[in-house]
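Order of appearance sets the numbers: ligands from 1, and atoms from 1 within every ligand.
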Amino acid sequence: MFIFVKCFRPCKGKTAQQRREPAMAFSSWFSLFLLGLMYRTQLVVAQQDDRSTMLALKEELLVPGWGPDESDFCSWAGVRCSSNGSTVEILDLSHRQLRELEFLDFSSNKFGSSIPPELGSARNLQSLNLSNNFLTGRIPDELQSLKRLHDLQISGNKLNGSIPYWVGNLSNLRVFAAYENELSGKIPENLGSSSEIRLLNLHSNHLGGTIPESIFALGKLEVLVLTMNKLTGNLPESIGNCKGLSSVRIGNNSLIGNIPKAIGNVSSLAYFEADNNNLSGEIVPAFGQCSNLTLLNLAFNGFTGMIPPELGELMNLQELIVSGNSLFGDIPKSLFKCRSLNKLDLSNNRFNGTIPEDICNTPRLQYLILSQNSIRGEIPREIGNCLKLLALQMGSNYLTGSIPPEIGQIKNLQIALNLSFNHLHGPLPSELGKLDKLVSLDVSSNQLSGNIPSAFKGMMSLIAVNFSNNQLTGQVPAFAPFQKSPKSSFSGNKGLCGEPLGSSCGGSFGPIHEGYHHKTSYKIILAVIGSGLTVFLTVTIVVALFMMREKQENAAKHDAGIADVGTTSPPTIVAGNVFVENLRQAIDFDAAVKATLKDSNELSTGTFSTAYKAVMPSGLILLVKRLKSIDRTVIHHQNKMIRELERLGKLCHDNLMRPIGFIIYEDVALLLHEYLSNGTLAQLLHDSTVKTEYKPDWPTRLSIAIGVAEGLAFLHHVAIIHLDISSSNILLDANSKPLVGEIEISKLLDPSKGTASISAVAGSFGYIPPEYAYTMQVTAPGNVYSYGVVLLEILTTRLPVDEAFGEGVDLVKWVHGAPARGETPEQILDARLSTVSFAWRKEMLALLKVALLCTDSIPAKRPKMKKVVEMLQEIKQS
Ligand SMILES: *[C@@H]1O[C@H](CO)[C@@H](O)[C@H](O)[C@H]1NC(C)=O
């Protein structure tokens, strides 16, 4: 029998995971080897630089007939290499007395079609991992002969059909993960009855029916994840058997009934998430016995009654989320004994008590969300002691009295202060002006009176305000965030006047005249911006057309070039130099030129250049950038260019990718760089072939953000403005250290002259600061803006431009518009990171603030790069 596995690694370009974790790739290889035992296996592998992998395999497997000459692995028995001698193409490991197959890991590859039934013959298999491929079809019944299997992972595929009954008969099964597939039908009723199942993860499928009792039968379950299915029925009482169960996630199903009291026996429970179901009854006091409980999310169900005071016993509780139920009564005082409480979301219920004075006894409270209830009484002054609060949402209640000035002490308050739709009266306390981090302020629909204090100008981070429908009087202070707000943010206040409302405050011009004047100047500004944009667009189109033509020319040239290789000698090099002394010997100019004539070497193409990989005869690998024709002017100023390059070559900073040399032939300029195998930040964040779990984690992302900021701060320090900051121009080395690339472009193009300035303004779509449209000038604050866009990519894992944001909305507008859309940072940040730990989320929120500052539409308000570095280092240290 033959299994013919073609190209089990992606043929062109390794995925980031393989670049980052050779061990993973190795283990799949290893498994394939072992498979060769049972079947005569032929692997067709297209991969470069196989030497290290082969040596590692030799160490591990001790294959008879391998070695002793380590450098010549192509001559080892069963190995056949490509003609150039560096790539293993065929590996035949049949009949080599290797051990029996116990562990098979094909995860994170690109296998399509269905699961081969032949796998069922590997009867000694204990662990089978086929996760994260493109597998389709059903789970084949042949796998039921894998009696020893204790670990079956098939997640992240496109498998359909139902989970076969025999899975329940695998008596050694400990781990069963089949999440993110298209599985339907019921969860087998015997699952777990004959095996000590510890982990069951079936989230994001189409599973119906009930949660079978059997999975709790032997009491060994530790993790249960069934989120996002169509499960019905009750949560079985037998859940109480599982003392070691730490995580229960059953949200987004159609479960009904009460939560069983037996939940109190689950002493390890840390995470209970059952939101968006049809659960009912009261919240069981038994939760109070789960002393390890960290998160309790019961949002959007049909729970009634009061919150049991027993929850106050939960010293580890960090999040209590019960919004969207029919709970009533007081906010229990006992809750404020929960020392770890970070988020309390009681919104959208019928709570009708008052706000307890000791609400701030919880020293870590960051989110206090009480909106849409029937809460009465005054806001206690003690609220000012909640110093960690990030968001205070109290809208749509029956609160009376005045706004306590003490709220101004909550310096951390940044996400939102929302007191709208209450019965608050009295003045707006000027102390609120101290909230310099606050992004969204809503006090609309109350009975507030007096002026908007000019001290409110201290709220420097404001993006959204709403003062409407009160009894405010006097002039709206001249303050950019106010001027930028729509009229509706101030309407419904009879005595209010000033610019945002388009009405004067009794000056020498009548209100009609003033309004007209205002409108005219507005029109003029729009016209100016419009014409600026038109010029900009025209220029961009011209540039794009030019580049397209150039590309065609290049393509034609390349074709000719390829045909020529071998028959004619390479073009005559007119100039070239290597700045780095100890690399001179290793670099061959002819080989570098030849590499750029072969399309298969192309790595990426950017605004100003196309990058190629070039392998030198010495083994050294270079990244060679071929400048686009638009910049050919530089060729005519060769000497100046060489001087600039040499100067840049001496610029020493860890986070800058400086040129190590150049080559000029005909009218082509090539820049030589070190080759970084880890690709670009853009690839790592956005490449769809990089699976979620191999995207960089939060600490890695933060240190990338810091590294890039340091590189740019240094550039600005030596008075170099970057022309094209984007995640595609940030390269990563093997340790994920970022290096800012394309810095030489800034020096080779002189923005004050001819074509160079036009292309310079172009930059990359989505990163261009709004002011470039009419200033046509590249500036340091413009760089800060583009850097801010990179930060937003890092925080959201979203592209700078994406149709999903809606027409005319880019990433920056989408993020800045979040408070106005009523979205929380959670809905903006990459939830796969922000929900991992509170520490991560805290750092992400802090970085989001920096990103918002950097992408401010007013250039003068953006921080300097040096300041950005300081802010980022503070985030890292705290
Ligand atoms: C403030 O809260 C009210 C009531 O919950 C809500 O309707 C409004 O959208 C909120 N305002 C902002 C700016 O989110």
Review point. With a distance cut-off below 6.0 Å to the six-membered ring centre and an angular limit of 45° from the axis, does K457 pair with F479 as a cation-pi contact?
Key: no
Revision key, fill the gap. Among D442, T824, V465, closest by heavy atom to atom 13 (C) of ligand 1 is D442
Review point. So, E313 side chain and E310 main chain: donor-acceptor pair closer than 3.5 Å or not?
Key: no
Review point. In the protein, what heavy atom is nearest to atom 7 (O) of ligand 1, and what distance, to one decimal place, separates them?
Key: F421 CE1, 4.5 Å
Review point. Which ligand 1 atoms does S420 reach within 4.0 Å, using its non-hydrogen atoms?
Key: 1 (C), 2 (O), 3 (C)
Practice item. Before accepting this row, confirm whether a basic side-chain N of the pair R841/E319 lies closer than 4.0 Å to the acidic partner's carboxylate O. Key: yes
Review point. With a cut-off of 4.0 Å, which atoms of ligand 1 are near a heavy atom of Q372?
Key: 5 (O)
Revision key, fill the gap. Ligand 1 atoms nearer than 4.0 angstrom to some heavy atom of S371 are 5 (O)
**Study point:** Near-ring test F467/F482, centroid separation under 6.0 angstrom
**Key:** yes
**Study point:** Side-chain donor/acceptor of N422 to backbone N/O of M394, under 3.5 Å
**Key:** yes
Study note, to complete from the structure: Quick look: S440 vs ligand 1, heavy-atom contacts under 4.0 Å, and the answer is side chain
Review point. Under 4.0 angstrom from atom 2 (O) of ligand 1, is there any protein heavy atom?
Key: yes
Exercise for review: Look at atom 4 (C) of ligand 1 and say which protein heavy atom is nearest, naming residue and atom and giving the distance to 0.1 Å.
Suggested key: S396 OG, 3.3 Å
Practice item. Please tell me if the side chains of L845 and I415 come closer than 4.5 Å, counting only heavy atoms from C-beta onward. Key: yes
Review point. If you measure from each heavy atom of A464 to ligand 1, is any distance below 4.0 Å?
Key: no
Review point. Are any of the side-chain nitrogens in R798 or D830 under 4.0 Å away from the carboxylate oxygens of its partner?
Key: no
Check your understanding: Which is closest to atom 10 (C) of ligand 1 by heavy-atom distance: L441, V439, N418?
Key -> N418
